[in-house]
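Worksheet for the structure shown next.
So you know, we letter chains A, B, ... as the sequences are listed, proteins then strands, and number each from 1. Since we're looking at a predicted model, the values are computed, not measured.
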2 protein chains.
Amino acid sequence: MNIGDAAKATGLSSKTIRYYESIDLIAADRQENGYRTYTDAHVHKLRFVQRARGLGFSIDDCRALLSLYQDKHRASAEVKNIAQKHLEEIEGKIAELQDLQQTLSHLVEHCAGDHRPDCPIMDGLSGELHEASAKVAKLH
Amino acid sequence: MNIGDAAKATGLSSKTIRYYESIDLIAADRQENGYRTYTDAHVHKLRFVQRARGLGFSIDDCRALLSLYQDKHRASAEVKNIAQKHLEEIEGKIAELQDLQQTLSHLVEHCAGDHRPDCPIMDGLSGELHEASAKVAKLH
DNA sequence: ATAAGGCTTCCAGTAACTGGAGGGTCAAGA
DNA sequence: TCTTGACCCTCCAGTTACTGGAAGCCTTAT
């Protein structure tokens with residue numbers, strides 16, 4: 001199977017597959033003409049990484065997960081540990097974004113959005129943001 | 001005021017302030033010895049950008065906001081438009097992350113995390129993820 | 001005189017690709 | 001047989017918003 005077929009089979013782009021090889025994540029065999037060749041085993045690994053990336057795991061996490069994937073004697077605790085950390089990062093990011101969302105939506109709601117220059121968003125950005133946030137915080 | 005003092009006054013690092021100058025975001029005056037000089041007006045602009053960045057606005061958004069900040073005849077609609085778009089992006093990201101969080105926490109909860117190799121997380125990554133997601137979706 | 005600190009510029013690296021240039025390879029149709 | 005189009009190859013640059021570090025000047029205090 002050439003790289004284009006592997007790409008179709010995995011949902012990754014050829015570029016991305018070459019990139020993964022360049023960072024020693026997933027190696028491919030080569031034909032005489034220099035073309036990369038992919039077996040079913042290669043495709044399974046690529047799909048594995050594609051799914052892990054889709055869940056937001058970093059390439060480094062993928063590297064670790066891939067090595068556990070191929071380790072018959074792995075402890076599920078190692079896998080869980082990686083996933084748990086990633087989950088906590090995601091939860092942290094959600095909390096951060098929700099904070100921003102609170103502050104921003106408050107500002108946006110109070111902006112007339114017309115031809116006049118007066119603007120609570122600008123007021124917030126030019127120095128009254130903490131006060132605004134404090135007000136929002138009080139409401140909850 | 002030298003760059004170090006401007007840094008302390010704004011909460012930005014000297015490096016970052018120099019970077020903002022290098023991308024033509026906020027220019028500084030120069031002394032005879034080549035040192036940058038900052039006035040109160042400079043510091044206000046720097047703080048403005050620092051707050052906007054803190055709310056997650058991109059540098060390009062900051063550029064636009066800064067120009068509106070200095071425009072006495074701006075229409076608040078322009079500001080609101082930028083903020084609204086940004087807010088929508090944030091809400092989109094929150095939704096994405098919550099999706100990941102659902103799927104991941106489901107997988108993590110069902111992993112024993114012991115010495116044995118059996119692992120629902122690995123199962124998910126190696127091909128049963130969609131089924132797992134579907135199950136999670138059904139629960140809600 | 002020298003040492004400590006602050007200032008300067010410039011280069012490289014970060015994460016994970018993506019786009020594009022320039023150029024081989026292969027199979028099918030005229 | 002030639003050519004066309006669809007592949008494939010490598011290498012370089014660009015993306016975001018900085019951050020770290022090297023090499024070297026300026027200033028102030030001891």
Non-hydrogen side-chain atoms of [X] and [Y] separated by less than 4.5 Å:
X	Y	answer
B:Ile94	B:Ile90	yes
B:Tyr69	A:Leu125	no
A:Tyr20	A:Ile59	yes
A:Cys111	A:Val108	no
A:Val49	A:Leu12	no
B:Ile82	B:Glu78	no

- Task: Taking only heavy atoms on the protein side, list every residue of residues 85-100 of chain B lying under 4.0 Å from any atom of DNA chain C, sorted numerically.
- Result: none

- Query: By side chain to side chain donor-acceptor pair (under 3.5 Å), which residues pair with B:Gln50, not counting sequence neighbours?
  - Reply: none

- Protein heavy-atom contacts under 4.0 Å, written 5' to 3' over nucleotides 10-22 of chain D as B (base), S (sugar-phosphate only) or - (none), form the string B------BBSBB-

- Contact letters for nucleotides 24-29 of chain D, in which S counts primed atoms plus P, OP1 and OP2 and B counts the base, heavy atoms under 4.0 Å: --BS--

Nearest atoms (heavy-atom pairs only) where [X] meets [Y]:
X	Y	value
A:Val43	A:Ala9	CG1-CB, 4.1 Å
A:Cys119	B:Val79	SG-CG1, 3.6 Å
B:Pro120	B:Leu107	O-CD2, 3.7 Å
A:Arg63	A:Ile23	NH1-O, 3.0 Å
B:Ala112	B:Arg116	CB-NH2, 3.8 Å
B:Ile3	B:Ser14	CD1-O, 3.6 Å

- Note on the structure: Nt span of DNA chain C in reach of chain A heavy atoms at under 4.0 Å, 5' end first, is C:dA16 to C:dC26

- Message: Let me confirm one number: the NE2-NE2 distance from B:His73 to A:His115, rounded to the nearest 0.5 Å.
- Response: 13.0 Å

- Query: According to a 3.5 Å limit on both distances, what stems of 3 or more consecutive Watson-Crick or G-U pairs are formed with DNA chain C?
  - Reply: C:1-30 with D:1-30

- Of B:Glu21, B:Gln31, B:Met1, B:His42, which is the lone residue that meets side-chain contact (heavy atoms from CB on, under 4.5 Å) with B:Arg36? B:Glu21

- Describe the nucleic acid contact of B:Ile3 in one word from base, sugar-phosphate, nothing, applying a heavy-atom distance below 4.0 Å. sugar-phosphate

